[in-house]
Amino acid sequence: DTGSSTFDDGVRLSNCATKDQEGGINIRDQDRGSIVGCSFTGCTKVNSNIIQGIVSDWVLSGCEIEGTLVGITLTPSVSNCILSGNVIYGGTFGIVFRGSDSVIKNNNLSDNSNVDIYLQSTCLRSTVTGNSCNSTGVGNSIFEDGTSDFNNIQGNVGNGNFVVTVGSSV
């Protein structure tokens, strides 16, 4: 859990692992940072890996994430983040994203019992591209909630449907 004590320096976390702990990573109200090459598996908390609060300019790349309810959650005030090249599996949802102006690219999602990438109501102006959505729990691989808008959803592959709103492209 990060907070305002790190000031404007940003946070760098690389090549770390946690297994069978209550939670994985929790970023709250901290701008600028990266999590690269880490493994968060066996977490028991419902939202084990979450980026929340007023957060921008984070990169989560090359990580292994085994979910519980959600592999990665990004809350509504999150912006300008990149989720790239992660392996996300074994949760109910792979990625639940409610933020804006971010990129979800080249992730491999599998063995989730619901939607792999769920863009919820406040998700705006974000790019979802090059993701491999291989879960088979429901009929939709990528689902964009009705009030999400202006997202660029292209070049993804999956076992299920891609459901998008009117203002977004697929």
Side-chain angles (χ1 to χ4, degrees), residues 13-15 17 19 24-25 27 34-43 46-52 55-76 78-170:
L13 186 61
S14 63
N15 302 314
K19 181 171 175 51
I25 188 74
I27 300 159
S34 64
I35 302 169
V36 179
C38 293
S39 176
F40 305 104
T41 61
C43 299
V46 171
N47 285 317
S48 295
N49 304 299
I50 186 165
I51 301 174
Q52 63 184 331
V55 174
S56 67
D57 303 306
W58 272 84
V59 174
L60 182 65
S61 179
C63 293
E64 174 191 18
I65 298 165
E66 179 185 24
T68 51
L69 177 61
V70 181
I72 303 172
T73 302
L74 291 94
T75 61
V78 173
S79 65
N80 299 313
C81 290
I82 299 171
L83 303 179
S84 175
N86 299 293
V87 176
I88 304 165
Y89 62 94
T92 303
F93 295 91
I95 297 170
V96 173
F97 184 57
R98 299 181 198 112
S100 63
D101 304 300
S102 293
V103 176
I104 300 171
K105 67 178 182 175
N106 303 327
N107 297 289
N108 185 349
L109 298 102
S110 64
D111 298 323
N112 297 301
S113 62
N114 208 310
V115 177
D116 279 325
I117 300 174
Y118 186 12
L119 307 176
Q120 284 191 331
S121 58
T122 54
C123 182
L124 300 170
R125 300 174 307 276
S126 293
T127 299
V128 179
T129 186
N131 296 288
S132 179
C133 301
N134 295 308
S135 298
T136 58
V138 296
N140 298 321
S141 291
I142 296 175
F143 186 85
E144 184 182 37
D145 194 280
T147 56
S148 291
D149 216 350
F150 308 110
N151 296 301
N152 181 10
I153 304 167
Q154 297 188 22
N156 300 287
V157 295
N159 292 326
N161 300 314
F162 299 152
V163 178
V164 299
T165 61
V166 176
S168 297
S169 60
V170 65

Asks: Any side-chain heavy atom of I95 within less than 4.5 Å of one from D116?
Replies: no

Asks: Given T92 and V115, is the side-chain contact (heavy atoms from CB on, under 4.5 Å) satisfied, shown in steps?
Replies: CA-CA 8 Å; T92 303; V115 177; over 6 Å; no

Asks: Quick check: do F93 and V138 have side-chain heavy atoms less than 4.5 Å from each other?
Replies: no

Asks: Is there side-chain contact between R98 and T73, with at least one heavy-atom pair below 4.5 Å?
Replies: yes

Asks: Quick one: OG on S132 to CG on N106, what's the gap to the nearest 0.5 Å?
Replies: 10.0 Å

Asks: Nearest 0.5 Å, what's the CG-CD1 distance between D57 and I82?
Replies: 9.0 Å

Asks: Stepwise, does the side-chain contact (heavy atoms from CB on, under 4.5 Å) test hold for L119 with F143?
Replies: CA-CA 6 Å; L119 307 176; F143 186 85; over 6 Å; no

Asks: Do any N or O atoms from the side chain of S135 and from the backbone of D111 form a donor-acceptor pair under 3.5 angstrom?
Replies: yes

Asks: Can you tell me if S141 uses its side chain to pair, donor with acceptor, with the backbone of G160 under 3.5 Å?
Replies: yes

Asks: What closest approach, in Å, do T122 and S148 show between heavy atoms, and which atom pair accounts for it?
Replies: N-OG, 4.4 Å

Asks: For N151 and R125, which heavy atoms make the closest approach, and how far apart are they?
Replies: OD1-N, 3.1 Å

Asks: Compare every heavy atom of K105 with every heavy atom of N131, then report the nearest pair and how far apart it is.
Replies: OD1-C, 3.5 Å

Asks: Are the side chain of N80 and the backbone N or O of W58 linked by a donor-acceptor pair below 3.5 Å?
Replies: no

Asks: After noting the C-alpha distance and the side-chain angles of I35 and V59, does the key distance pass the side-chain contact (heavy atoms from CB on, under 4.5 Å) rule?
Replies: CA-CA 6 Å; I35 302 169; V59 174; over 6 Å; no

Asks: Would you check if N134 and N112 make a side-chain contact, meaning some heavy-atom pair closer than 4.5 Å?
Replies: no

Asks: Within the 4.5 Å heavy-atom criterion, are C123 and D145 side-chain neighbours or not?
Replies: no

Asks: Could you tell me if the side chain of T129 sits less than 4.5 Å from the side chain of I153, heavy atoms only?
Replies: no

Asks: So which heavy atom on G62 is nearest to which on N86, and how close?
Replies: N-OD1, 3.3 Å

Asks: Can you measure from CG (L124) to CG (D149) and round to the nearest 0.5 angstrom?
Replies: 7.0 Å

Asks: Could you tell me the separation between the SG atom of C63 and the CG atom of N107, rounded to the nearest 0.5 Å?
Replies: 10.0 Å

Asks: Looking at every non-hydrogen atom in both residues, tell me the closest pair between S126 and S102 and how far apart they are.
Replies: OG-N, 3.0 Å

Asks: Give the C-alpha distance, both sets of side-chain angles, the deciding distance and a yes or no for side-chain contact (heavy atoms from CB on, under 4.5 Å) between I142 and V128.
Replies: CA-CA 9 Å; I142 296 175; V128 179; 4.2 Å; yes

Asks: Walk me through whether E144 and Y118 qualify under side chain to side chain donor-acceptor pair (under 3.5 Å).
Replies: CA-CA 6 Å; E144 184 182 37; Y118 186 12; over 6 Å; no

Asks: Got a second to check how far N156's CG is from C133's SG, nearest 0.5 Å?
Replies: 6.0 Å

Asks: Heavy atoms, side chains only, cut-off 4.5 Å: are I88 and I72 in contact?
Replies: yes

Asks: Testing the basics here: between E66 and G42, what is the closest heavy-atom pair and its distance to 0.1 Å?
Replies: OE1-N, 2.7 Å

Asks: Flag the pair I117 / F97 as yes when at least one side-chain heavy-atom distance between them is below 4.5 Å, and no otherwise.
Replies: no

